[in-house]
Amino acid sequence: MVSVIVPNYNYARFLKQRIDSVLNQSYQDFELIILDDCSTDNSKTIIEQYRNHPKVSQIVYNEKNSGSTFKQWEKGILLAKGQYVWIAESDDWAEHDFLEKLLEKFTIDSEIGLVYCNSNRFVNELFKDTLSDIKIQILENNKWKYDYIHDGKFELYDSLVLCCSINNASAVLFKKEVLLEANPFNVELKYLGDWYCYLKIAFISKIAYLNKTLNNYRDHSDNISKKATLENNHLREYFLIYHWIQKNLNPKNKRLVYCYFEGYTKHSFSLSDILLKKQYLALFKISSNLFFRMIQYRIKDRIIILLKNIKRKVII
């Protein structure tokens with residue numbers, strides 16, 4: 001019924017807890033596919049402990065690192081035999097009734113392509129808050145206080161055009177036929193591939209949310225998204241995401257959508273940097289409209305900061 005895919009890269013310290021939390025599910029009609037992306041830690045030693053487990057259908061080791069967890073997603077989806085797919089990221093873990101409760105949602109409406117639940121957020125192994133708490137505060141949207149089933153287009157315009165509001169892949173259960181229909185995914189995206197996936201699925205199916213914290217998310221410095229922000233490697237991917245939104249959707253509140261885009265692409269820059277010029281040229285080729293919005297916002301923001309500093313000096 002369900003194919004559980006665990007894509008792993010150098011998360012040996014979390015791997016046993018993750019795999020055990022899958023194998024100990026109250027719902028047991030599933031296969032487990034473990035994919036390792038050429039880890040350099042002792043992940044293989046841990047994985048091999050499950051080699052002969054009856055639920056483990058496949059273990060695949062890459063000889064070379066793919067460079068993208070979303071390439072591993074694609075590989076796992078093609079190997080999956082189940083009607084539903086759970087991509088259980090290797091640094092998270094699940095409550096024992098995760099599959100049981102999320103599968104129940106699919107029985108309510110045959111047009112649902114994706115069900116997700118709330119997630120506990122742990123920082124340094126200590127509970128901090130839930131991801132729904134964060135979304136309610138940032139987006140000022142109370143919908144995550146309750147279960148819901150929404151038309152995908154409503155979900156897009158309500159929150160997915162603003163941010164990746166389905167913000168932890170481990171908390172999601174997909175209908176496989178909808179995943180395949182939404183293909184091709186852009187596997188070259190290293191950081192925002194999950195958001196791109198949700199956008200395409202919401203474009204063709206209904207989205208359901210279960211207000212139960214059945215998933216546990218580790219918020220740590222090794223998270224892919226955290227590395228993207230620190231390394232400033234996310235600009236191109238935000239351009240690709242918002243370019244897709246521009247081409248396929250017509251949000252009513254375009255000003256708010258662009259405000260989020262401008263916020264994501266707000267960074268200091270220097271036009272004297274030759275490498276950066278090449279990056280900017282690549283961004284311009286993706287979307288000249290987004291490029292000029294980004295530049296305009298950056299210049300305006302720097303002028304505001306400059307004026308504030310002048311005002312502060314005058315007061316002093």
Side-chain angles (χ1 to χ4, degrees), residues 66-74 114 134-135 138-139 152-153 155-169 172 179 182-204 207 223-305:
S66 71
S68 170
T69 187
F70 303 111
K71 290 181 180 179
Q72 294 294 87
W73 279 34
E74 185 176 59
L114 179 161
I134 296 172
K135 286 183 288 192
I138 294 174
L139 296 174
K153 296 289 177 62
E155 191 72 11
L156 283 166
Y157 294 133
D158 185 62
S159 55
L160 273 173
V161 294
L162 302 177
C163 65
C164 187
S165 54
I166 304 172
N167 49 357
N168 184 220
V172 177
L179 265 176
N183 258 331
F185 300 124
N186 189 339
V187 294
E188 298 306 316
L189 296 176
K190 294 183 179 181
Y191 311 109
L192 304 179
D194 51 349
W195 188 4
Y196 183 68
C197 171
Y198 305 146
L199 287 167
K200 295 193 75 174
I201 288 176
F203 196 68
I204 59 174
I207 304 294
N223 285 132
I224 295 293
S225 57
K226 291 291 175 60
K227 287 184 176 181
T229 304
L230 290 173
E231 297 169 5
N232 291 335
N233 289 329
H234 59 326
L235 272 179
R236 177 178 173 273
E237 300 202 6
Y238 277 118
F239 263 72
L240 290 170
I241 291 288
Y242 278 91
H243 183 49
W244 184 92
I245 290 171
Q246 277 187 330
K247 286 199 307 180
N248 295 280
L249 304 171
N250 186 28
K252 293 180 181 178
N253 196 341
K254 290 185 179 180
R255 185 175 179 180
L256 182 60
V257 172
Y258 287 128
C259 277
Y260 272 79
F261 167 76
E262 290 161 356
Y264 291 133
T265 58
K266 175 188 174 184
H267 294 279
S268 59
F269 67 103
S270 171
L271 293 177
S272 62
D273 188 322
I274 296 175
L275 178 61
L276 205 56
K277 285 181 181 178
K278 292 180 179 179
Q279 292 176 349
Y280 277 178
L281 180 60
L283 296 177
F284 180 83
K285 288 179 179 179
I286 294 171
S287 172
S288 58
N289 177 273
L290 292 175
F291 178 82
F292 285 120
R293 283 185 176 275
M294 178 187 72
I295 294 296
Q296 180 184 23
Y297 180 79
R298 290 184 176 193
I299 293 172
K300 182 173 67 175
D301 188 59
R302 295 187 75 173
I303 291 172
I304 291 172
I305 292 172

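These values consider heavy atoms only, across backbone and side chains, with no hydrogens, waters or symmetry-generated copies.
The ring pair (Phe, Tyr, Trp, His ring centres under 6.0 Å) test applied to Phe284 returns Phe291, Phe292, not counting sequence neighbours. For Cys163, the side-chain contact (heavy atoms from CB on, under 4.5 Å) partners at least two apart in sequence or on another chain are Leu139, Ser165, Tyr264. For the side-chain contact (heavy atoms from CB on, under 4.5 Å) test, residues two or more places apart in sequence or in another chain that qualify with Ile204 are Val178, Glu181, Ala182. Legend: residues meeting side chain to side chain donor-acceptor pair (under 3.5 Å) with Lys153, ordered by chain and number and at least two apart, are absent. In terms of the side-chain contact (heavy atoms from CB on, under 4.5 Å) criterion, residue partners of Asn289 (sequence neighbours excluded) are, by chain and number, Gln246, Tyr258, Ser287, Arg293. For Tyr242, the ring pair (Phe, Tyr, Trp, His ring centres under 6.0 Å) partners are Trp195, Phe261, not counting sequence neighbours. Residues meeting the side chain to side chain donor-acceptor pair (under 3.5 Å) test with Gln72, sequence neighbours left out: Asn62.
Here the options are Ile241, Leu192, Leu199, Asp194, the test is side chain to side chain contact (heavy atoms under 4.5 Å, CB included), and the partner is Cys164; only Asp194 passes.
Between Gln279 and Leu235, every side-chain heavy-atom pair lies at or beyond the 4.5 Å cut-off. Looking only at side-chain heavy atoms (C-beta outward), Ile166 and Ile207 come within less than 4.5 Å of each other. A heavy-atom distance below 4.5 Å is found between the side chains of Ile134 and Ile138.
Leu283 CG to Ile295 CD1: the interatomic distance, rounded to the nearest 0.5 Å, is 8.5 Å. Note that the CG atom of Leu114 and the OH atom of Tyr198 stand 7.0 Å from one another [nearest 0.5 Å]. Atoms SG and CH2, on Cys197 and Trp73 in that order, are 5.5 Å from each other to the nearest 0.5 Å. To the nearest 0.5 angstrom, Lys200 atom NZ is 8.5 Å from Asn248 atom CG. Note that CG of Leu249 and CG of Leu156 are 5.5 Å apart. Values are rounded to the nearest 0.5 Å. If you take CG on Asn167 and NZ on Lys135, they are separated by 4.0 Å, rounding to the nearest 0.5 Å.
The heavy-atom pair separating Leu162 from Tyr260 by the smallest distance is O-CD2, 3.3 Å.
Under a 3.5 Å cut-off, the side chain of Glu262 and the backbone N or O of Met294 do not form any donor-acceptor pair. Ser68 places a side-chain N or O within donor-acceptor distance of the main-chain N or O of Leu189, the cut-off being under 3.5 Å.
Annotation: Tyr238 is in aromatic contact with His234 [ring centroid separation under 6.0 Å]. In summary, the aromatic rings of Trp244 and Phe203 are positioned with their centroids under 6.0 Å apart.
Among residues at least two apart or in separate chains, salt bridge (charged side-chain N to carboxylate O under 4.0 Å, His left out) pairs with a member in residues 155-168 are Lys143-Glu155, Lys143-Asp158.
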